[in-house]
Amino acid sequence: MNYWLFKSEPDAWSWDQQKKEGAKGAEWDGVRNYQARNVMRAMRKGDFGFFYQSGEERRIVGVVKVVAEAHKDSTDGTGMWECVDVAAVSDVPRAVTLTEIKGDPRLKDMVLVKNSRLSVQPVTAAEWRKLCAMGGLSNPPSC
DNA sequence: GCCAACGTTGGC
DNA sequence: GCCAACGTTGGC
């Protein structure tokens, strides 16, 4: 079981929209970057991830679960691009801001810090636990 | 609005 | 295969 982080501009796809899709989830579509595609290919059904809003918000606001492994991106006509489906699991009670993340030495190696442009990222188990604690998730989703 | 970082494209 | 030019992303 691995952990991930999904990044989105609220204007493009917001946490509210994600929650409206409910337990069946929705395609994490529109990714047109090889590195991000490879990250999604490594995801397995049941894996958890954070939902991070970039742009003006810059904070982790929710937890999602992978409900379908990598498959063709329905918004892509070339057949080159893939996506997973993710479903909202819960809010993060106390959204964790990028500022807080950058201020914590234990999180300094996060991809979010080192390569902020990658839109889908791996998160280590240690980072996951730490971020869940910071976000006020007393019962961190895990396997 | 600016700029740094990164990825992609295309000429050589 | 190299690298300059360009476009995009995202933090500030």
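Numbers restart at 1 for each chain; the letters A, B, ... are given by sequence-line order, proteins then strands.
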**Report entry** Salt bridge present between A:Asp73 and A:Arg32 (N-O < 4.0 angstrom)
**Finding:** yes
Which side-chain N or O atoms in residues 85-103 of chain A pair as donor and acceptor under 3.5 Å with protein atoms at least two apart or in another chain?
| from | atom 1 | to | atom 2 | distance (Å) |
| --- | --- | --- | --- | --- |
| A:Asp85 | OD1 | A:His71 | NE2 | 2.8 |
| A:Asp91 | OD1 | A:Trp15 | NE1 | 2.7 |
| A:Asp91 | OD1 | A:Lys19 | NZ | 2.9 |
| A:Arg94 | NH2 | A:Glu100 | OE1 | 3.0 |
| A:Thr97 | OG1 | A:Glu100 | N | 3.1 |
| A:Thr97 | OG1 | A:Glu100 | OE2 | 3.2 |
| A:Glu100 | OE2 | A:Thr97 | N | 3.0 |

Query - Any donor-acceptor pair under 3.5 Å from A:Lys7 side chain to A:Gln121 backbone - result: no
Report summary line: Going by chain and number, the hydrophobic cluster around A:Tyr34 (ILVMFWY, side chain to side chain under 4.5 Å) further includes A:Met80, A:Trp81
I'd like a table of atom pairs between the protein and nucleotides 1-4 of chain C - only N or O on both sides, under 3.5 Å - with the distance next to each one.
none

Query raised in the report: Taking only residues two or more places apart in sequence or in another chain, which ones pass ring pair (Phe, Tyr, Trp, His ring centres under 6.0 Å) with A:Tyr52?
Result: none
Requested in this report: Please go through A:Val111's hydrophobic cluster and name the other residues, only I, L, V, M, F, W, Y counting, with side-chain heavy atoms under 4.5 Å joining them.
Outcome: A:Leu118
Query raised in the report: In the 5'-to-3' direction, what one-character label does each nucleotide of nucleotides 5-12 of chain C receive under the scheme B = base within less than 4.0 Å of a protein heavy atom, S = sugar-phosphate only, - = no such atom?
Result: --BBBSSS
Query raised in the report: Nearest heavy-atom pair of A:Glu69 and A:Met43: which atoms, and what distance?
Result: CG-O, 3.8 Å
